[in-house]
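Have a look at the structure below, then the notes.
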Number of protein chains: 2
Amino acid sequence: MVQTWEDKVAPVRSKRDASLAKVEPPLAALPASFPLNSQSVPKELLTAREIEITEGYTVKQLLAKLRSRDISVEEVTRAFLRRAAVAQASVNCLTELMWDQALERAKYLDSLPEPKGAFFGLPISTKEHHGMKGDNIVTNASYVAWIEQKHGSNHLYDILWDAGCVFYVRTTQPQTIMHLETNNNIYGRTLNPYNRNLTCGGSSGGESALIGMRGSILGVGGDIGGSIRCPSAHCGIYGFKPSCKRLPNAGASLHMAGKETILSTLGPMTVDREALELFVETALAAKPWLLDPSLNLREWAPHKFDRPLKIGVQWWDGVVKPHPPMIRAMREVAAACKAAGMEIVDWDCEKLKHDYAWDLTASLYWPDGGAEVMGLLKDAGEPILPLTKFIIEEQPAVKHMTVTELFARTNERDLYRRFYAQAWTETGAQDGHEIDVILCPPSFGAATPHDQSRYWGYTAHWNLLDYPGAVFPVTVVDPSKDPKDESYTPKNEKDKFCYDMYTPEKYKDAPVSLQVIGRRNNDEKVLAALKEIEKAMGRP
Amino acid sequence: MVQTWEDKVAPVRSKRDASLAKVEPPLAALPASFPLNSQSVPKELLTAREIEITEGYTVKQLLAKLRSRDISVEEVTRAFLRRAAVAQASVNCLTELMWDQALERAKYLDSLPEPKGAFFGLPISTKEHHGMKGDNIVTNASYVAWIEQKHGSNHLYDILWDAGCVFYVRTTQPQTIMHLETNNNIYGRTLNPYNRNLTCGGSSGGESALIGMRGSILGVGGDIGGSIRCPSAHCGIYGFKPSCKRLPNAGASLHMAGKETILSTLGPMTVDREALELFVETALAAKPWLLDPSLNLREWAPHKFDRPLKIGVQWWDGVVKPHPPMIRAMREVAAACKAAGMEIVDWDCEKLKHDYAWDLTASLYWPDGGAEVMGLLKDAGEPILPLTKFIIEEQPAVKHMTVTELFARTNERDLYRRFYAQAWTETGAQDGHEIDVILCPPSFGAATPHDQSRYWGYTAHWNLLDYPGAVFPVTVVDPSKDPKDESYTPKNEKDKFCYDMYTPEKYKDAPVSLQVIGRRNNDEKVLAALKEIEKAMGRP
């Protein structure tokens, strides 16, 4: 009998379910039907102590308690394991609960005479396709064709492990790992923890949904088009995409290994700003460039501003107008920055050809026209999901290139990068001070309804340029403040698609986040600017 | 009538000759036949003052005299213009003498109330295909097809210009800019200034020949397979290939723009060690990453050793045994380093698969199988030179790849880079101190007889790895010390080819140089190590 793709998927789902069934004590009966907003669910299923551990502390505070042995690694790990199981039940964000491995690791760490490592005892959640060392670690990267593939070492994860963390869950990503949502044929769809009708974002959407449920307070995502920033923004958490070649990403399971046109990078997703920097600092302290010489040789050197920030505000990208809540968030934050003494100038994209840049980006994602990926899907017989079609087949710029065409396209990329750098430099032409960062939306709006994430411009643009970017939560959609602008006339088809999508009611409770962008390799400056901006917003 | 390639070339040669004819006062009658070694020629044709200016000072000393206005820029420029004309007559290293432009620039600099810029008044020689800003600047990059192409700005050259230098000559490179010699159909063959029967090396062989004649004391080369280091070594001068993406190279005329598999970098070629660092320091002080965001954001930070060097000595690369003078040079320098208290260990390449690495390198040079380049040559009807055939058609690994094959090959490159980094790390396994640098030959021997540079392993290996490398002169071939080793049995075809090439008599007066290699992005360390090694050799 021929095995169908469903036949292959069934045991993988069973394995996931079996891993969840290990939870002890088992979760009380789940709600018969889940509320639209899942934020209330954990309190119904977890103990007060578990709630305290999982949402009572920032990452640094919890680390301090672990290091001082105020609390055992095992107790923390059990609390996050159980809360992750609640998150799974609520928003379907896990591929595996690593119950036994996590507790074994926790007990080992508790047995050490001295705590050691920057992440001593901290449960860290991980994106499935990144894999990690371990006898029983298999990775499918959401491809039915790759089900049960053995996984080797992941360089960054080795560093986190050496820094004393506990790996305890693996999280979902979409088919091809190239949607700004999270849905695949193996594990199904992951939902937004604030509104099940909306996406959690993608591709690191298992992470964002889990962290949005505080089933984790620190996880690892990857970003080649927005895959850290989009889901972080949609779930109201913090995410940071460093410049490429700062953090190691050797060891993840991914199609088109060896493609250099647009690179991906790993990065942190977390519940507070400070943890972003701690993560990158810890990774770089291990001198990863000695093992992976493709990485930049640069220690982490925190940036200090010697004058108030000069911020370029990108109100829109010249292609798609952001939805009203996003515009409101921009206004509120820009006003707060101005009130705090910062200089606010417009970052005018209308001359910066973001639409051309998107075509360039799309074609550089798929220099083989998507042949390898579509082949993987077709050979396995699995259904090709709508957002897979969107990002490959529906992009007019995508074609199977010859190497000569590839070089020409790559050269266009380099010229565009120089063109954009020139525009940045010109912001200092008059007063000798160029802008420090750009403040911009991380998407045209809050999380979209499912299968509607069809405009990547607000994140992918910075991947084309390899500019670092951090997202941070600002507000939530508020129908009373964010009515639809009925007077607006869309400028083009993409703009119309996004404009038509908005009515405030659809977006009930949806987080609205913003993005801080720096010049390439100005990672430290981006995080320092985020700190200043949040200070201006009255945050600690 | 159809224009032949010779018809196209004739006016370009005439233009070069006309530029040389501007020399004032004209050179005295040239020797009827040039001696084998051209080193004696300048003294016969130049004034004592010109000799003093062009060979009496290091780069820094001459800069000091220019800055203090002990000597005018015009006088220095005239001396180097005339000496460059002598070099051209002797070894055929120029494509153009920029008489009028150089003197105009010199007079302008002399007219300034204050000298300014790190290179104030210094004549700097330039490789033709790099081009530079200027109304009358055309570039052919040695392609008949590109004769008289207009040239735009070259980013690095703009920086040198802003630092106050004088551009006064442009120098030859080989067909395709991919030979380790210098010969092309437009300008003919460039010769070694120490022995006309030998090559000056390539591809920056116009520079090395010119500097070897002291027709320049600082010039700019480019390196993707040895093109700075090989010619510098063959002509007894200093050359430095930084890690890629440290110095800008935007603006050079080159085939296959956009290819990323193996990158080229510009770098200095000069008469003394100190000038190497001054060059890179000056270039980076201009923050070139602001204009070209593909560059690393790293200031130049001179390296200081806090303990004696640990040097890995690569006696051979496991493929081709170096000639006796090279082995002697290695022994002498290693012994001097040891005597100075440094730790000398063997860098054993036999397990490091340099031969495999070469195949990888060759295929990554020509992912289109050489189609673009061979097309350029064939369309222009110009003869395809033997070393062009060698590097494209005679490399079994070269093939026209699909993008999928290209990614696979690029992935192999990345794995090999990690493999090699691991071997480097292991040198510290026992004592906690890995080697600081590798000391190795820059070629299997001194400069080869013409058209015999058919083994790139000693330089191109470090391009594959993107490791920085500096070459420095050590000795000259001495038949009494360097007899052929008649007892040696070559290990393979390549080894036999190189072994058979050697008899001491052929190499009369040929300089022998060595190479210092560092880990990727350890540029500062390489130059600091070179200083320590030369100190051990008793040099200032």
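Just so we're clear, the structure is a prediction, and the values are computed from it rather than from any experiment. Keep in mind that the numbers below use all heavy atoms, side chains included, and drop hydrogens, waters and symmetry copies. So you know, we letter chains A, B, ... as the sequences are listed, proteins then strands, and number each from 1.
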### Summary
Comparing K245(A), E405(A), R413(A) against chain B, the one with the most heavy-atom pairs below 4.5 Å turns out to be R413(A)

### Query
Hey, mind stepping through E277(A) and W300(A) against side-chain contact (heavy atoms from CB on, under 4.5 Å) and telling me if it holds?
CA-CA 9 Å; E277(A) 188 148 9; W300(A) 185 258; 2.8 Å; yes

#### Entry: Close side-chain approach of L295(A) to P248(A), heavy-atom, < 4.5 Å
yes

### Query
Can the ring centres of H354(A) and Y416(A) be said to be less than 6.0 Å apart?
no

### Query
How about residues 421-432 of chain B versus chain A: which residues have heavy atoms under 4.5 Å apart?
A421(B), Q422(B), T425(B)

### Task
Please determine, by modelled atom types, if D414(B) and S294(A) share a side-chain donor-acceptor pair under 3.5 angstrom.
no

### Query
Is there any residue in residues 356-378 of chain A with a non-hydrogen atom under 4.5 Å from a non-hydrogen atom of chain B, and which ones are they?
P367(A), D368(A)

### Task
Could you tell me whether the side chain of M401(A) reaches within less than 4.5 Å of the side chain of K399(A), counting heavy atoms only?
yes

### Query
Out of curiosity, H433(B) NE2 to R307(B) CZ, how far, rounded to the nearest 0.5 Å?
3.5 Å

### Query
Is the charged tip of K133(A) near the ring of Y157(A): under 6.0 Å from the six-membered ring centre and within 45° of its axis?
no

### Query
Who in residues 251-259 of chain A is close to chain B, using a strict under-4.5 Å heavy-atom cut-off?
M256(A), A257(A), G258(A), K259(A)

### Query
Less than 4.5 Å apart, any side-chain heavy atom of V437(B) and any of I517(B)?
no

### Query
Which residue pairs satisfy the salt bridge (Lys or Arg N to Asp or Glu O under 4.0 Å) criterion with at least one member in residues 515-530 of chain A, sequence neighbours excluded?
R246(A)-D523(A), R246(A)-E524(A), R298(A)-E524(A), E434(A)-R519(A), D436(A)-K525(A), D466(A)-R520(A)

### Message
Between W462(A) and F240(A), is the ring centroid distance below 6.0 Å?
### Response
no

### Query
Looking just at side-chain N and O atoms, do N249(A) and S264(A) make a donor-acceptor pair shorter than 3.5 Å?
yes

### Message
Do I438(B) and I311(B) have side chains that approach each other closer than 4.5 Å (heavy atoms only, starting at C-beta)?
### Response
no

### Query
Among L465(A), T404(A), L291(A), who wins on heavy-atom pairs under 4.5 Å with chain B?
L291(A)

#### Entry: D292(B) CG to L290(B) CG distance, which is reported to the nearest 0.5 Å
10.5 Å

### Query
Any luck finding a side-chain donor-acceptor pair between N463(A) and D223(A) under 3.5 Å?
yes

### Query
Picking from L297(A), L406(A), N521(A), which has the most non-hydrogen pairs under 4.5 angstrom with chain B?
L297(A)

